[in-house]
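Atoms considered below: every heavy atom in the structure, side chains included; atoms not considered: hydrogens, waters and symmetry mates.
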Amino acid sequence: MHYLANFFAGAFLCNCIPHLAAGLQGLPFPTPFATPRGVGNSSPFINVLWGFFNTLAGLCLLASFPVKVSFSADFLLVLAGALALGVYLSLHFGKVRGGE
């Protein structure tokens with residue numbers, strides 16, 4: 001169970017970055033609440049809320065299943081979760097936002 005939590009902690013923390021960055025800059029960015037889902041833009045306010053939720057979810061998982069920064073399986077799973085979601089999002093938003 002803690003391996004799954006570590007993986008998703010990395011994914012949530014990776015996902016908070018683009019939403020907080022866009023929202024804090026006052027820029028619209030796709031969220032699951034947009035129409036069409038994940039393609040249409042949401043307001044900066046919604047992005048800040050969604051980014052904050054992702055931050056809290058990732059931190060709650062890390063607080064429940066603490067990880068030391070080392071070459072342990074736990075920490076590597078946090079990195080794997082962040083990398084997996086980061087690669088997926090870069091490909092998805094590259095298509096959605098016209099980068100590909």
Say you draw a straight line from CG of N6 to CG of D74; how long is it, rounded to the nearest 0.5 Å? 4.5 Å
Contact summary for L13 and T55, nearest pair of heavy atoms: CD2-O, 4.0 Å
Roughly how far apart are K95 NZ and L91 CG, rounded to 0.5 Å? 6.5 Å
Hey, can you pull the donor-acceptor pairs under 3.5 Å for the side chains in residues 24-37, sequence neighbours left out?
from, atom 1, to, atom 2, distance (Å)
Q25, NE2, A21, O, 3.0
T31, OG1, F33, N, 3.1
T31, OG1, S42, OG, 2.5

Tightest non-hydrogen contact, residues L77 and Y3, listed as CD1-CD2, 3.1 Å
Spacing of L49 atom CG and S43 atom OG [to the nearest 0.5 Å]: 8.0 Å
d(F12 CZ, L59 CG) to nearest 0.5 Å is 11.5 Å
Cluster check L85, V39: I/L/V/M/F/W/Y, side chain < 4.5 angstrom: yes
Atom of G58, atom of A9 and distance for their closest heavy-atom approach: O-CB, 3.8 Å
Mark yes or no for whether S90, through its side chain, and V87, through its backbone, hold a donor-acceptor pair below 3.5 Å. yes
Rounding to 0.5 Å, atoms CG (L61) and CZ (F7) come to a distance of 12.5 Å
Is it true that, when you exclude F8 itself, more than 12 heavy atoms of the residues, nucleotides or ligands shown sit nearer than 6.0 Å to its CZ? no
Stepwise side chain to side chain contact (heavy atoms under 4.5 Å, CB included) test for L62 and V67: CA-CA 7 Å; L62 286 179; V67 174; 4.0 Å; yes
Atom of W50, atom of N15 and distance for their closest heavy-atom approach: NE1-ND2, 3.7 Å
Where is the tightest heavy-atom contact between C14 and A82, given as atom of each residue plus distance? SG-O, 3.4 Å
Hydrophobic cluster membership, with links at side-chain heavy-atom distances under 4.5 Å among I/L/V/M/F/W/Y: are F65 and V69 in one? no
